[in-house]
Amino acid sequence: MTTKGPLKGRAARLGRLMPSGPSTAARTPFVLLVVVLLGGGLITLLLLNSALNQGSFKLRDLKNRTTELTDEEQALQRDVDDRSAPDALERRARELGMVPGGSPAFLNPDGKVLGEPSKASAPQPSRTAAPPRTTPPTGSPTGPPPATPGKTGTPQTTPPAPTTSGR
C-alpha cells in the first residue's frame, strides 16, 4: 500500500538532504580520469608484452647459437680425439719422415750413464703394396725441408731422419 505522493515525516527530511533528481556534480572529470587510467594501463600492458616478446626472440636466437657452437665444439673434439689416437700419431710421424727411437740412455745426477743408447733406424719397407705417398710442395709446413749441401758440395736429397723421444 504504497502511494505515490509527497513524502511525510522522516522520509521528507531525508529527501531534502539527498535529492533524488539529476546530480549537480560534474561527472566528466571522473569519467575522463577512469578512461585515461584504463588507456594507460592497456598501453603499459602492450609495451610490457612487446618487451617480453623481444626478450623471448633474443633468448631463442641465443639458444640456437649455443646449440650451433656446442655442435661445432663436439665436432672439433672428435677431430682432436681422432688425430691424437696412437695409430694416427704414428702414421702422421711416418708421413713426416720420423722413425721410432732406439733404446734410450739416462743420466744420473752424478753423471753416470744408465743404459746403452742406440741409433734410430728406419724400418725395412714391407713387401705389401702400400698406397703411393704424395709429398706436399717444398716449403710447406708439412713438406720435406729443402736440400742442404753435403760435405762434398753436392746437395743431399734425404735429410737425416728425426727421432721421437717418447715424451
Side-chain angles (χ1 to χ4, degrees), residues 28-167:
T28 307
F30 177 73
V31 170
L32 187 60
L33 176 68
V34 169
V35 168
V36 166
L37 287 176
L38 286 175
L42 287 175
I43 290 173
T44 303
L45 284 175
L46 179 64
L47 292 175
L48 182 63
N49 192 18
S50 297
L52 288 175
N53 284 337
Q54 184 179 7
S56 68
F57 288 140
K58 187 173 184 177
L59 179 64
R60 187 194 68 209
D61 290 342
L62 290 174
K63 282 184 179 180
N64 288 342
R65 181 74 174 138
T66 302
T67 302
E68 290 171 6
L69 290 175
T70 302
D71 292 345
E72 183 179 347
E73 177 191 15
Q74 290 173 353
L76 291 172
Q77 186 61 46
R78 277 192 307 269
D79 288 346
V80 167
D81 291 342
D82 290 344
R83 291 179 186 215
S84 63
D87 59 338
L89 288 174
E90 180 186 7
R91 184 180 65 249
R92 183 74 179 128
R94 289 194 189 280
E95 287 174 2
L96 292 173
M98 299 174 86
V99 296
S103 61
F106 300 97
L107 293 175
N108 278 338
D110 62 358
K112 188 175 179 183
V113 178
L114 294 178
E116 294 183 25
S118 63
K119 183 178 178 183
S121 60
Q124 298 297 325
S126 62
R127 294 187 173 229
T128 59
R133 186 173 147 211
T134 59
T135 59
T138 304
S140 72
T142 58
T148 57
K151 292 181 182 176
T152 60
T154 60
Q156 263 183 318
T157 56
T158 57
T163 61
T164 58
S165 65
R167 287 192 255 180

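Position 1 is the first residue of the sequence; numbering continues from there.
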Identify, with sequence neighbours excluded, every residue that meets side-chain contact (heavy atoms from CB on, under 4.5 Å) alongside T66. T70
Any side-chain to backbone donor/acceptor pair from S103 onto P117? Under 3.5 Å, distance only. no
L114: partners by side-chain contact (heavy atoms from CB on, under 4.5 Å), with sequence neighbours left out: F106, N108
What distance separates R92 CZ from S84 OG, expressed to the nearest 0.5 Å? 14.0 Å
Would V80 and L76 satisfy side-chain contact (heavy atoms from CB on, under 4.5 Å), going step by step from the backbone distance to the final call? CA-CA 6 Å; V80 167; L76 291 172; 5.6 Å; no
Can you confirm whether P100 sits close enough to R94 that some side-chain heavy atom of one is under 4.5 Å from a side-chain heavy atom of the other? yes
With sequence neighbours left out, what residues match E72 under side-chain hydrogen bond (donor to acceptor under 3.5 Å, both in side chains)? none
Atom CG in D87, atom CG in D82: separation rounded to 0.5 Å? 9.5 Å
Residues in side-chain contact (heavy atoms from CB on, under 4.5 Å) with E73, at least two apart? none
For a quick check under 3.5 Å, do Q77 and D81 share a side-chain donor-acceptor pair by atom type? yes
By side-chain contact (heavy atoms from CB on, under 4.5 Å) - contacts of L38 (at least two apart): V34
CG of L37 to OG1 of T44, rounded to nearest 0.5 Å, is 10.5 Å
For A105 and G115, work out which heavy atoms get closest and say how close. CB-O, 4.2 Å
Nearest-0.5 Å distance that lies between atom CG in N53 and atom OG in S56: 5.0 Å
Spacing of OG1 belonging to T28 relative to CG belonging to L33, to within rounding of 0.5 Å: 12.5 Å
Sequence neighbours excluded, the answer for side-chain hydrogen bond (donor to acceptor under 3.5 Å, both in side chains) partners of T67 is none
